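Keep in mind the model is a prediction, meaning the values are calculated, not measured. Along the sequence shown, the residues carry numbers beginning at 1. Every number for a ligand or one of its atoms is a count from 1 in the order of the listing. Any value given below was found using the heavy atoms of this structure, including those in side chains, with hydrogens, waters and symmetry copies removed.
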Amino acid sequence: MGIKFKITVLMISILVISGCSSNSAQPVDEADHSAMNKEDMEEMDHSAMNHDKMRNEHMSHDEVISLNDSTGENELKIPPMLERDKGEGVEYTVRAQKGKTEIFDGIETNTSGYNGAFLGPVLRFSKGDTVKIRTINELDEETTFHWHGLEVPGDADGGPHDSLKPGEEKLIEFKVKQEASTLWFHPHPKGKTAEQVYNGLAGLIYIDDDHSKSLGLPNEYGKNDIPLIFQDRTFDEKRQLNYSAIKNDDGTVGDTLLINGTLNPKLTVKKEKVRLRLLNGSNARNYTFKLNTGDSFVQVATDGGFLNEPVTLKEMTLTPSERAEIVVDFSKIDSEKDLALINEDGSSLLSFEVSDQSGENSEVPGKMNDFSMTEEERNLPVTKEVELFGMMDQVTINGKKFDPERIDFTQEQGVTEVWEIYNKPDMMGGMIHPFHIHGAQFKILSRNGEEPPENERGWKDSISIQPDETVKIAIQFKNKGVYMFHCHILEHEDNGMMGQVKVE
Ligand code: C2O
Ligand code: CU
Ligand code: CU
């Protein structure tokens, strides 16, 4: 089999894997690789890709790439709010544990969860709270408790250095200083993050503040303020999550969507504005959300806070670990039709059933925040450069794989620096890498020199970076410690597409 064939297969696989969308991969045309010269070959070898392995994995990957339509037969599960422990101060207990969950009628699937069999409760904090959390590992393997998007000291961040052995526990404490937002938590043990998240370890964190309460946005939890954790999975014939059997080094995707762990979900709403807090909690899949009617909605928040103004959209993309809050006005949409949230390819993700009841008459305020980018921030020189490269298990940052003993960058606490992140394409085009930094919320200064789109002009902790794209961000760490930065395709993270910044 000639190299040309393999490359063609690879190209196709990459296009499929990156969602087939025209902007997610740059096709190389046939003439280009037939004219491939020796240097090109070397570049391929240099990236040390195992062609056969990639071909096989991508070929099998292709078969499960599209999501089955949700039939909408099951009412969406709403995760419980975590109750405080009795006693002084704000104290919570979070246990990572194994369990069994009836995802399919009458069948038990082995899963993991926090304080339950599958996924986790919502941890709800108010700005200003001092939070103490007792974290307990009841799994039969090491894990960590990472608070994604939370600005906490390094020793509370739950990165791979913070591993708890089975049966161990750790008390962490931090003060909530950041603004109202929807964050999340998940494990982060070295090399095992993807599998543990896949099996169900993930939960949401809500931060409230006085400002968010005064905005008048829908805020009845589970009624018109709805958490939506999107995760795609593959179940085997016994309806089990057999991670090691279906794992893909370039990001494990599945054909079955679960929202909050619900198969074929449906959400019943009143004729009113409903706030949806979306988390892409998938290992690797990107989603572009739309309403099947073509109606628009407004985005009100990014990863780390409210946008200054609501942004009207007909579709919105979230790459793994990104969040967005949107408001859909069900009093304005024709509910005679079948309503659903669909993916870019038209597959139905979440059906909506609109009841006859009219609900609250809430308004989305025109001004929600005072997020700004100062001239000074715009003019800061780039002081950190990050180059993302590779695929499969050959992924690197600045040419290196993660080494827990190596500090890649240092940054001073409370000082804003500009990081420039570049997604270096390979000769087949490359793929989107969702890039995330721990312990801070940052501002996107530019994408390829241009201002970011309106719905990215807010606090972010994760950003999608297209092949050959350069993104500049301004970031300041409020606390000290060692923090990870990495690709949030969890298999890329586990394969070493991760570095560390030490804040002192
Ligand atoms: Cu969602 Cu290293 O994090
Ligand atoms: Cu994180
Ligand atoms: Cu990646």
Side-chain angles (χ1 to χ4, degrees), residues 14 17-19 24-25 47 120 143-152 154 156-163 178 181-194 196-198 201-205 229 231 248-253 279-286 303-304 318-323 386-397 401-402 404 421-426 430-442 460-467 469 475 477 481-501:
I14 290 157
I17 254 180
S18 50
S24 59
S47 68
T143 195
T144 80
F145 296 77
H146 170 57
W147 321 100
H148 179 126
L150 207 56
E151 298 180 328
V152 293
D157 183 61
H161 299 292
D162 252 332
S163 199
Q178 70 203 88
S181 47
T182 304
L183 315 175
W184 64 302
F185 62 106
H186 63 78
H188 223 296
K190 188 169 179 286
K192 287 289 252 176
T193 299
Q196 290 190 0
V197 172
Y198 196 84
L201 289 171
L204 288 165
I205 302 171
I229 305 172
Q231 297 178 309
N248 185 311
D249 268 321
D250 236 359
T252 302
V253 295
L279 159 66
N280 182 346
S282 303
N283 284 36
R285 183 184 287 274
N286 304 323
D303 297 334
L318 292 181
T319 60
S321 86
E322 286 187 292
R323 284 92 60 211
V386 174
E387 185 184 272
L388 309 172
F389 184 67
M391 57 188 298
M392 303 302 287
D393 55 357
Q394 297 303 316
V395 280
T396 55
I397 293 185
K401 282 191 174 288
F402 177 63
I421 306 122
Y422 175 55
N423 181 353
K424 184 182 170 190
D426 49 44
M431 60 191 289
I432 295 176
H433 295 288
F435 183 73
H436 165 55
I437 307 176
H438 286 207
Q441 292 290 334
F442 53 75
K460 295 285 291 168
D461 56 53
S462 303
I463 43 171
S464 70
I465 307 186
Q466 302 282 333
E469 187 178 27
I475 182 167
F477 294 90
V482 172
Y483 298 100
M484 305 297 128
F485 53 89
H486 60 90
C487 175
H488 222 288
I489 290 176
L490 297 178
E491 287 76 11
H492 282 181
E493 173 194 325
D494 282 346
N495 287 335
M497 199 171 203
M498 178 155 73
Q500 312 189 77
V501 53

Flag H488 as yes if one of its N/O/S atoms falls below 2.8 Å of atom 1 (Cu) of ligand 1, otherwise no. yes
For H492, the N, O or S atom at the shortest distance from the Cu ion (ligand 3) is ND1
Do H436 and W184 have ring centres separated by under 6.0 Å? no
Any N/O/S atom, backbone or side chain, of H188 lying under 2.8 Å from atom 2 (Cu) of ligand 1? yes
Under a 3.5 Å distance rule, please check whether D250 uses its side chain to pair with a backbone N or O of M392 as donor and acceptor. yes
Hey, which N, O or S atom on H433 ends up closest to the Cu ion (ligand 3)? ND1
Any N/O/S atom of H148 sitting less than 2.8 Å from atom 1 (Cu) of ligand 1, backbone or side chain? yes
Any N/O/S atom of C487 sitting less than 2.8 Å from the Cu ion (ligand 3), backbone or side chain? yes
Kindly indicate whether a cation-pi arrangement holds for K460 with F442, taking the cut-offs as under 6.0 Å to the six-membered ring centre and within 45° of the axis. no
Could you check whether any side-chain heavy atom of K192 comes within less than 4.5 Å of a side-chain heavy atom of P187, counting everything from C-beta outward? no
Can you confirm if the aromatic rings of H188 and H148 lie within a centre distance of less than 6.0 Å? no
Answer yes or no for H438: is there an N/O/S atom below the 2.8 Å cut-off from atom 1 (Cu) of ligand 1? no
With atom 2 (Cu) of ligand 1 as the reference point, give the N/O/S atom of H486 that is nearest. NE2
Between R323 and D461, is there a salt bridge with N-O shorter than 4.0 Å? yes
